[in-house]
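Worksheet for the structure shown next.
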Amino acid sequence: MKSFTYAALLGTLITQATAHYVFPAIEGTEDWQYVRMFTDQHTNGPVTSVETEDIRCNKDGVNGGSTQTLDVAAGSEVAFTVRSEIGHPGPLQFYMAKVPEGASAVDWDGAGDVWFKIYGDGPNISPEGLTWPSSSATTVSVTLPSSLPSGEYLLRVEHTALHGASEAGGAQFYISCAQINVTGGGNGSPGPLVAFPGAYSPTDPGLMINIYYPVPTEYILPGPEVWTG
Ligand SMILES: *[C@@H]1O[C@H](CO)[C@@H](O)[C@H](O)[C@H]1NC(C)=O
Ligand SMILES: [Cu+2]
């Protein structure tokens, strides 16, 4: 009887570990070539505090290290690969931050009120439950607004897992930051601008929520409104 219980527990742990994921690359490039490597990336594990620097570009991701910067045309689509797939339910969001004059993406930490959201997808809601557009995705992509000013940016992908989010601090954040150089841009003014940490609170309605029961009738994405360009 006891060994059966242990086997069941082990099975649960394995399922959870394999359900973790990471965004290691811009599709078509090498892992960590244009995406900032972060500490413990091999575990695929999440960030769980919205109140530390880890929420910005993952653990120790504030330093570009040997990461390169990829030219991308404004208005084009950028895809991240997923290792190995989006294994938990929750929203997918993308943010960007423009590298200040005189700095370059590789040595900029992304601190301050500099981040704007360019994409966020909530669930499809039905009386039977919530379904999430990014569920099981092996790549995730976003179209850069065509009025984005040219120059260097950090592009931050974030998938938030909500399976254990009924208590504050239960949401899991899967995050990577790519370094990109936007070319052929326009003269938009991206905003509203927020900081990481700062943009989220552990009790935000989109971060502290039981997504299973009772079935929610609405879902409010964490963070600012999307800038549409
Ligand atoms: C960004 O693109 C511009 C326009 O092509 C180019 O002049 C500049 O050198 C690029 N910067 C980087 C860091 O690649
Ligand atoms: Cu997981």
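Here, residue 1 is the first one in the sequence, and each next residue gets the next number. Just so it is clear, the structure is predicted and the values come from calculations on it, not from any experiment. Order of appearance sets the numbers: ligands from 1, and atoms from 1 within every ligand. As a basis for the values below, the full set of heavy atoms in this structure was taken, side chains included, without hydrogen atoms, waters or symmetry mates.
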Amino acids in close contact with ligand 1, where any non-hydrogen atom sits under 4.0 angstrom away: D71, E152, N181, T183

Connected-component partners of L154 among ILVMFWY, side-chain separation under 4.5 Å: V47, V50, I55, Y95, V99, W108, V114, W115, F173, I175, V194, F196, Y200, L207

Note, [X] side chain near [Y] side chain (heavy atom, < 4.5 Å):
X	Y	value
C177	R56	no
V142	L92	no
Q179	V106	yes
P190	M96	no

Atom name of the N, O or S atom in H20 that lies nearest to the Cu ion (ligand 2): ND1

Aromatic plane relationship, Y21 with H88 - under 30° parallel, 30 to 60° tilted, over 60° perpendicular: tilted

